[in-house]
Amino acid sequence: MRVAIAGAGLAGLSCAKYLTDAGYTPIVLESRDVLGGLVAAWKDKDGDWYETGLHVFFGAYPNVLQLFKELGIEDRLEWKEHTMIFNQPEKPGTYSRFDFPNLPAPLNGIVAILRNNDMLSWSEKIELAKGLVPAMLRGQKYVDSTDSLTFSEWLKQQGVGDDVEQGIFIAAAKSLNFIDPDEISALVLLTALNKFLQQKNGSQVAFLDGSPTERLCQPMVDHITKRGGEVKLNAPLKEIQLNQDGSVKGFLIRGLNGAADELITADLYVSAMPVDVIKLMLPKPWQQNEFFQKLEGLEGVPVINIHLWFDRKLTDIDNLLFSRSQLLSVYADMSNTCKEYANPDRSMLEFVFAPAKDWIDKSEEEILKATLVELETLFPQHFGGENQALLLKYKVVKTPRSVYKATPGCQEYRPSQVTPVSNFYLAGSYTMQPFLGSMEGAVLSGKLTAQAITAQASLEAKSSSKPTSTLQPATNAATA
Ligand SMILES: Cc1cc2nc3c(=O)[nH]c(=O)nc-3n(C[C@H](O)[C@H](O)[C@H](O)COP(=O)(O)OP(=O)(O)OC[C@H]3O[C@@H](n4cnc5c(N)ncnc54)[C@H](O)[C@@H]3O)c2cc1C
């Protein structure tokens, strides 16, 4: 059975991968000339990589980890020391760490919090525990119910003071959804905390050993094509054409460079495009349907990724860092964290710049200038005095609409992978799955779509004795 999938981000590729495993023939149609969507990366003229976003993998990503295993590329994940490192704005150039000891969860997380005396006073630790422990104990149902509140509102309800919000949770909210705690749904932070604290290595991070495009997406493409599937770049979906009954007749692909448009037909169709794109592409007859109307409640959030190459080493830290500064969010010295970007003599700092709504339309020079001001506080030893670090080059990548903006009430608008149209499915990290707008969410969504397709086929074939796939998403305690 042939399945046409629009979009070669992680969701589209994951869907195609699991469909080939189940004996289907997917054809993935990607608008751009690069794989990966939000994990796409490019090489500059010097051969240096730059990326859409700084990406880290977590121990609490069961479906991504299983995918790496299935592709035989587990050794490409470079696991870092289990610690969370925050800059201390009040003491420029210094760090505060939450070190997770080798104890079972959630004890290791509790010890990590209790041992940190720079960022939380004892009274703040007690305040926070009083708010968080019941949230952890009451499980996902309680967490789901917090989607009506911003995280700031939830903290206030729990009696947690502004200092804790300022100290830790601005950094956490910005790293998870590129917005501040007074905008982000409480559900996002509580879901992440739940997954991170309930699994021993849940919050441990790994970096990929090279660019996601080559080191993760390409092996997915190889897996798909080896089994008879196809992945086409430069194949933008222009229009979803319908049959009389409202089902999909074909995907019309825009011809590039003067070529004619081409109608791709298949047995089934999947949109693995961003929510902002599918919203614009809905055929007229579907627009009145409540299922599709709900998509209007979702919108991608702007974010900027900035790369800075210096003439020297600025740090030897080999891990993710939380800048806790106004405009910058998480960052890493990729010359330490990633084998293919490694350089023993020079730093390449990669920063997520967020919230970006007031900056997305500004020039690259303005964005660089603002970044360098914050860098002076992060690395005062390299930006004062006579022998200052020299910026060799920089690269800014703007994404005006990235993952869906997870403000209160959004859960209600997230669609299932199965749609009311019999031969049309959705995939993408915005679709309903418990890992929100993440790589794990994208991979899981694609897998759920493949699972829904195979389940439907087995229903239709249930009269025959034909064996069917038993594709299941990987779960762990945190996803249950
Ligand atoms: C700056 C940044 C940092 C991030 N950091 C992390 C992190 O550390 N950890 C983590 O887990 N997640 C992180 N994420 C989130 C993660 O990247 C996304 O959740 C995930 O990659 C989304 O995958 P997707 O397949 O759902 O969507 P997308 O990646 O958006 O894929 C959609 C695809 O559809 C294609 N498309 C669009 N229009 C058309 C068309 N007309 N025809 C055909 N194709 C089309 C696009 O080009 C794209 O390839 C980060 C995201 C960003 C932006």
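Because the structure is a prediction, the values reported are computed rather than measured. Throughout, numbering of the chain's residues begins at 1 and tracks the sequence. Scope of the values below: all heavy atoms of this structure, side chains included, with no hydrogens, waters or symmetry mates. Both counts, for ligands and for their atoms, begin at 1 and track the order of listing.
For ligand 1, the polar-atom distance check against Leu237 finds a nitrogen or oxygen pair separated by under 3.5 Å. Considering both main-chain and side-chain atoms, Val352 never comes within under 3.5 Å of ligand 1 through any nitrogen or oxygen pair. Ligand 1 has no N or O atom lying under 3.5 Å from any N or O atom of Met273, backbone or side chain. Checked against a 3.5 angstrom limit, the closest N/O atoms of Ser402 and ligand 1 fall outside it. Of the N or O atoms in Ala11, one or more lie within a sub-3.5 Å distance of an N or O in ligand 1. Checking only distances, Ser438 does come within under 3.5 Å of ligand 1, N or O to N or O. Below 3.5 Å of separation, one finds an N or O of Ser31 facing an N or O of ligand 1.
Note: Tyr269 and Tyr425 fail the aromatic proximity criterion, with ring centroids not under 6.0 Å apart. Not less than 6.0 angstrom separates the ring centroid of Phe207 from the ring centroid of Trp79. You'll find the ring centres of Tyr331 and Phe351 inside the 6.0 Å limit. For Phe57 and Phe68, the ring centers are positioned less than 6.0 Å apart. Ring-centre distance between Trp309 and Tyr394: not below the 6.0 Å cut-off.
Annotation for ligand 1: atoms under 4.0 Å from non-hydrogen atoms of Thr52 are 1 (C). Taking every non-hydrogen atom of Val303 and a distance limit under 4.0 Å, the qualifying atoms of ligand 1 come out as 1 (C), 53 (C). Near Gly428, with a cut-off below 4.0 Å to any heavy atom, the atoms of ligand 1 are 26 (O).
Remark: minimum distance from atom 11 (O) of ligand 1 to any protein heavy atom is reached at Tyr61 OH, 2.6 Å. The protein heavy-atom contact nearest to atom 50 (C) of ligand 1 is His55 NE2, 3.1 Å. Counting protein heavy atoms only, atom 12 (N) of ligand 1 is closest to Met439 N, 3.3 Å. At the shortest separation from atom 28 (P) of ligand 1 among protein heavy atoms lies Leu38 N, 3.9 Å. The nearest heavy-atom contact from the protein to atom 32 (C) of ligand 1 is Ala272 O, 3.3 Å. From the protein, the heavy atom lying nearest to atom 37 (C) of ligand 1 is Pro274 CD, 3.5 Å. At the shortest separation from atom 26 (O) of ligand 1 among protein heavy atoms lies Ser429 N, 2.8 Å. The nearest heavy-atom contact from the protein to atom 23 (O) of ligand 1 is Ala442 CB, 3.4 Å.
Between the side chains of Thr337 and Asp318, not a single donor N or O lies within less than 3.5 Å of an accepting N or O. Of the N and O atoms on the side chains of Glu350 and Asn305, at least one donor lies less than 3.5 Å from an acceptor on the other residue.
Residue Leu29 touches ligand 1 through its backbone alone, judged by heavy-atom distances below 4.0 Å. Counting heavy atoms closer than 4.0 Å to ligand 1, residue Val403 contributes side-chain atoms (C-beta onward) but none from N, CA, C or O.
The shortest separation from a heavy atom of Thr399 to ligand 1 is not under 4.0 Å, leaving the residue out of contact. Using a 4.0 Å cutoff on heavy atoms, Arg254 does not count as a contact of ligand 1. Residue contact annotation: Gly36 has a non-hydrogen atom under 4.0 Å from ligand 1. The shortest heavy-atom distance from Pro236 to ligand 1 is under 4.0 Å. Residue Phe178 places a heavy atom less than 4.0 Å from ligand 1.
The ring-ring contact (aromatic ring centres under 6.0 Å, His included) with Phe86 is formed by just one residue from the set Tyr95, Phe169, Phe98; it is Phe98.
One finds a salt bridge joining Asp46 and Lys393 here, because a Lys/Arg side-chain nitrogen approaches an Asp/Glu carboxylate oxygen to under 4.0 Å.
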